[in-house]
Each structure stands twice: as structure tokens, then as C-alpha cells.
Amino acid sequence: MIVRRIARPLLAGIFVWGGINALRYPSAHAPAAEKVTKPLAAKTQLPDDTEMLVRANGAAMVLGGALLATGKAPRLASTVLMGTLVPTAATHDFWTESDPQAKQGKMTQFIKDLSLMGGLMLAAVDTAGKPGVTYRAKLAGESVGRTARHARQAARREAKLAALQAKNAVS
């Protein structure tokens, strides 16, 4: 559909641009990212190198954005991009800001990230008109049920025939 061919690159553009920016200038993103990376590194096995984590997030944004824009694995790409938004949104902590102008700027960025998350959620569940995994799993389950039912019926018939043959052989 033409809408997908237009919408996916439009949605992906900000991630590709932001990812390239993070890869080229990780030190510019590091101070804001430390609010997320330092506590995360303390609780997990992630390294305590904020610039490296900014680059990794940037690389995921570029890769996910490119996949989404080209329509290659768009559902997976959307899911990856949602994962990159979580630490990004967390850096826009407007609720801790006392300066009204700074608070407004951070709130705008936070709401933008939430809006992008909504678009990515739609892209992640878009099956492009093909049946989704849930539908296919339901069909497969029904098929297995039919097969099992037919096998039970055949087994009963065979058991009855065997019993008749055994009875006839004895008489």
C-alpha cells in the first residue's frame, strides 16, 4: 500500500538522523544520557562507558530506522526503535526542572518521544494485510485439533476391527 511506502520512511527519518548524530557526537549526548546509563550500569552487566552506550543506541537507531524505511523487517525494526526511545525519553525529565522555559522544552521532547512510540506501536503490529501471528497460531491449533480428532476416530475404528477379528479368530 502506498501509505506504508510513504509513512515508514517518514517515521524512520528522525531515528536515522538522531542515530547518526549520536554516532558522530556521542560526547554531546553523554551528559543527558548519564542520568540513564549510570543507574543502569550499576544494576546490570552493561559497561559504565556512557559514550559507548550512546553510540550503541545510535547504531540501533540507524539500523532500525533503515530497516523500517526500506520495509525490511518493519515489525522487528519498530520494536527495536521502541527500545531506543525508552532511554531517550527518560533523559527528558521535565518533572525535575524548575526553570519554566527549560521545563517546557523538555516536556515537548518527552511528548514527541511518546508520540513516536505510538507510531512505532502501530508499525509494530501492522501486518500489511497478511494474517498476524495470533491468527496463524489459532489456525494451526485448530488444524492440530482436527488432526488429533481424526486420529482418535481412526484409532477407535482400528480397535473395533481388531476386536472383531480377534473374536472371529477365537470362534
Side-chain angles (χ1 to χ4, degrees), residues 1-97 102-144:
M1 181 197 273
I2 192 78
V3 172
R4 282 184 194 91
R5 289 181 187 222
I6 295 169
R8 285 177 179 161
L10 288 174
L11 180 58
I14 194 161
F15 293 100
V16 173
W17 178 82
I20 290 171
N21 196 22
L23 287 168
R24 290 179 69 194
Y25 310 108
S27 58
H29 299 272
E34 281 184 350
K35 297 174 193 174
V36 176
T37 61
K38 294 297 181 190
L40 195 61
K43 295 177 183 177
T44 65
Q45 297 292 327
L46 288 174
D48 193 17
D49 183 353
T50 300
E51 286 191 22
M52 186 191 73
L53 293 173
V54 166
R55 279 191 198 100
N57 194 53
M61 291 169 80
V62 171
L63 178 63
L67 289 172
L68 180 62
T70 59
K72 307 292 183 204
R75 297 174 77 191
L76 174 64
S78 298
T79 305
V80 167
L81 291 173
M82 279 190 271
T84 69
L85 267 180
V86 173
T88 304
T91 65
H92 304 305
D93 55 347
F94 65 90
W95 51 90
T96 63
E97 204 56 62
K103 184 176 194 139
Q104 184 66 39
K106 283 187 173 187
M107 186 182 294
T108 299
Q109 291 301 314
F110 184 79
I111 292 170
K112 175 202 64 144
D113 288 345
L114 291 181
S115 299
L116 287 169
M117 184 80 72
L120 290 170
M121 285 179 181
L122 287 172
V125 299
D126 179 25
T127 60
K130 298 174 187 165
V133 173
T134 306
Y135 177 78
R136 289 185 294 201
K138 180 182 171 195
L139 282 182
E142 289 171 357
S143 176
V144 167

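- With contacts defined as side-chain heavy-atom distances shorter than 4.5 Å, the pair L63/V80 does not qualify.
- Between K103 and D93, no side-chain nitrogen of the basic residue sits less than 4.0 Å from a carboxylate oxygen of the acidic one, so the salt-bridge criterion is not met.
- Atom CG in L67 sits 15.0 Å away from atom CZ in R75 (nearest 0.5 Å).
- The side-chain heavy atoms of L120 and L11, taken from C-beta on, include a pair separated by under 4.5 Å.
- Proximity of R8 to D126: side-chain heavy atoms (C-beta onward) are separated by under 4.5 Å at one or more points.
- Each side-chain hydrogen bond (donor to acceptor under 3.5 Å, both in side chains) pair with one or both residues in residues 108-125, not counting sequence neighbours, appears once here: H92-D113, Q109-K112.
- Counted within 6.0 Å of CZ on R4, heavy atoms from surrounding residues, nucleotides or ligands total more than 12; the atom is thus considered enclosed.
- Side-chain N or O atoms of S143 include none that pairs as donor or acceptor with a backbone N or O of L139 at under 3.5 Å.
- Within the structure, the side-chain hydrogen bond (donor to acceptor under 3.5 Å, both in side chains) test picks out the following pairs touching residues 47-60 (sequence neighbours left out): T37-T50, K38-D48.
- Considering every non-hydrogen atom in both M61 and G18, the closest pair reads CE-C, 4.2 Å.
- In plain terms, the two heavy atoms of P74 and G71 that are nearest each other are CD-O, 3.3 Å.
- Closest heavy-atom contact between G58 and L23: C-CG, 4.2 Å.
- Atom OG1 of T91 is separated from atom CZ of F110 by 10.0 Å, given to the nearest 0.5 angstrom.
- Summarising the geometry of T84 relative to T88, their closest heavy-atom pair is O-OG1, 2.9 Å, with the distance given to 0.1 Å.
- Two residues are said to be in side-chain contact when any heavy atoms from C-beta on lie closer than 4.5 Å; L116 and F15 meet this criterion.
- With contacts defined as side-chain heavy-atom distances shorter than 4.5 Å, the pair S78/L68 qualifies.
- Scanning both residues, A66 and V16, for their nearest heavy atoms gives N-CG2, 3.8 Å.
- Of all the heavy atoms in L81 and A60, the pair that sits closest is CD2-O, 4.1 Å.
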